[in-house]
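We count residues from 1, following the sequence as given. Counting convention: from 1, in listed order, for ligands and their atoms alike.
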Amino acid sequence: MCGIVAVIGSREAAPLLLEGLRQLEYRGYDSAGLATVQAPLEAPASGDQGAPGQLTCLRAEGKLVNLTARFDAVGAPGHCGIGHTRWATHGKPEERNAHPHLDGSGQVAVVQNGIIENYRSLREQLQAEGVVFRSDTDTEVIPHLLARQLASLQDQGRVASGSLLLEAVQLVLPQLQGAYALAVVWAAVPGGLVVARRQAPLLIGLGEGEFLCASDTPALAGFTRTILPLEDGEVALLTPLGIELYNGAGVRQQRNPSLLTGTEHVADKRSFRHFMHKEIHEQSETAALWVARHLPELGSDTGGGNPAGSSLVALPLDEAVFEGVERIQILACGTSRHAALVGAYLLEQLAGIPASVFYASEFRYAPPPLGPHTLTIGVTQSGETADTLAALLMEQERRLLVADPAYAPKLLGITNRPESSLGRLVPHILDIGAGIEVGVAATKTFLAQLLAFYGLALAFAERRGGGVHGPAKLRSLVAALRLLPAQLQQLVIDHDQRCADLAHLFTDTQDVIFLGRGINYPIALEGALKLKEISYIHAEGYPAGEMKHGPIALLDARVPVVSIAMPGLVFEKVLSNAQEAKARDAQLIGVAPQGPDTDLFDTLLPVPEIDELLSPLLTVIPMQLLSYHIAAHRGLDVDQPRNLAKSVTVE
Ligand code: F6R
């Protein structure tokens, strides 16, 4: 949530900051800003003892284009600077609440990503001392505290330098409570900037003749592939000549940088109008990559089973993850939680392991009593969701307090960003490998998360003698999964125009109900979430059998009902539930195979018949396309819906 970027080096900073912010805009787009420090002509290019410089701060409400226009109009000179793209937490999304925030004299500028939890008491304390605040934000306390700290150090005869700025930051940080990452510039030191992180991501990039720092890799990938992720509690001074890195105790750290792998640079939209549409179309490639990576080609069959030593599914996980697991708990938020619900269904119904799913934000404050031999899985595509990380950390810490080894923490992360904070928190990671997703509404990463759970459930089931249904069932599921990429490709093509045509029917719609049962109930939830987040139409997902216990009162001819009815355990039940909705005049849209059973639907979005256990991989496609086309038809900002951000790094 919010993105920060900083740069110092031989080039003009502002254009680099704007490019970095462009890559981070998915983290928030309520407002944006930057501050640069220009050195006087005679200043040496060093962090220490530079002559004072000139600080320029530009801020604009709304999307980054507004800030870019302001920069084009007035400029912001200097080779050192910081930038910010905001997702509002404290204070409305107005220009006065945009970052950077300055101290009273306009000499210290700060950008922050996170929340300063004790800002009220700090603010009151500063106001009592005469400080005037110009914003409603939590962040503004920081430049004021820093300005006072710097003044006090200078009163002691200390000379302005990068080291002094570093020291002031180190002295102020212990006063701040919360999870945050920040970057600071000081007009007195044109040749240095300071960055710090506490439970919020921050990475330094080592470029040619410049150092950069950002909340996430896409902002760095266009400049360098050599990165140094900051560890929790670390503070760094960046100058054109190098990096000084310190841990929370002030001890200097030496660490080798690492190389960025993958395609972190945000790709273009190709011929699509929106990233979300492109990402929906990319799902057959996502599935093909998963099949190639995780479903090994089988050798000749030696009599109804796998060749000795081979495995149906190859996951890059230690055997320790699978050993002795008696129950599984899964922590996640939003769309990732919907993938987790499908995952729990598979782990129970296929592998036979009791599994439960928790909202990470609820688990933190009301965890269930500890059970033995438990695998805890955190699912987060970004790997940065604050609630999920905090819930995992809490689970780890409470288990470490128990002496009995049966209660020892066993943590697995499922993510699209193995280099994220999640990757550093948990010992085992399953990389869903979907490539960068730009659209704020998750689509291809949801499919990739589902596939990760299919892999995991199959792997557990295989290690348990075939699980609930036996080895033959596992082999038939794997065979069907191999066909998935081609099926997805066809399904997306088939439904694209169909859903675009259907979108016209939703012009005046205010409420939509999504129904599903069993393994497709989470897909009903996901369909509803996709629709409400990008089209702003109120939508609810229900287990179809639950409608008659209250929600059916909502139905009339103005409320479309989207019903997922796939052949299997609950097929007839869902069809009966759909009939009940039809009897209340609801417009029925079916996501179901074509056939006599499904002719009750007013409109059918046909999905090929497939083993019910695999059906969510197909039924989610019409859900995504329907939401996309309804929002696009309404002319909405599909990729950056209001009030949302791709990565939710605040609690
Ligand atoms: C919805 C969506 C969000 C995220 C949620 C968790 O389309 O994207 O609901 O799923 O914010 O994010 P991650 O997976 O990064 O933890």
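- For ligand 1, the polar-atom distance check finds an N/O of Ala442 within less than 3.5 Å of one of the ligand's N/O atoms.
- Checking Asp431 against Thr415 by side-chain atom types alone, no donor-acceptor pair falls below 3.5 Å.
- Ring centroid separation for the pair Phe446 and His338 does not come in under the 6.0 Å cut-off.
- Checked against the 6.0 Å centroid criterion, the rings of Phe514 and Tyr542 do not qualify as a close aromatic pair.
- For the pair Arg337 and Tyr359, the cation sits on the ring face: its NZ or CZ lies under 6.0 Å from the ring centre, inside 45° of the axis.
- At a 4.0 Å cut-off, at least one heavy atom of Lys530 sits close enough to ligand 1 to count as contact.
- The shortest contact between atom 2 (C) of ligand 1 and any protein heavy atom is with Thr335 OG1, 3.8 Å.
- The protein heavy-atom contact nearest to atom 15 (O) of ligand 1 is Ser382 OG, 2.6 Å.
- Aromatic pair Phe272/His281: centroids less than 6.0 angstrom apart.
- Taking any N or O of Gln381, backbone or side chain, at least one lies under 3.5 Å from an N or O belonging to ligand 1.
- Near Glu533, meaning under 4.0 Å from any of its heavy atoms, are these atoms of ligand 1: 1 (C), 7 (O).
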May I have the step-by-step check of salt bridge (Lys or Arg N to Asp or Glu O under 4.0 Å) for Arg198 and Asp232, ending in yes or no? CA-CA 5 Å; Arg198 182 172 164 191; Asp232 205 37; over 6 Å; no
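- Just one residue in the list Lys530, Glu533, Gln381 forms a side-chain hydrogen bond (donor to acceptor under 3.5 Å, both in side chains) with Thr335, and that residue is Lys530.
- Using a 4.0 Å cut-off between heavy atoms, Val440 contacts ligand 1 through its backbone alone, with no side-chain atom that close.
- Close contacts between ligand 1 and Gly334 involve ligand atoms 9 (O), 10 (O) [criterion: under 4.0 Å to a heavy atom].
- Between Thr388 and ligand 1, a contact under 3.5 Å exists for no N or O pair.
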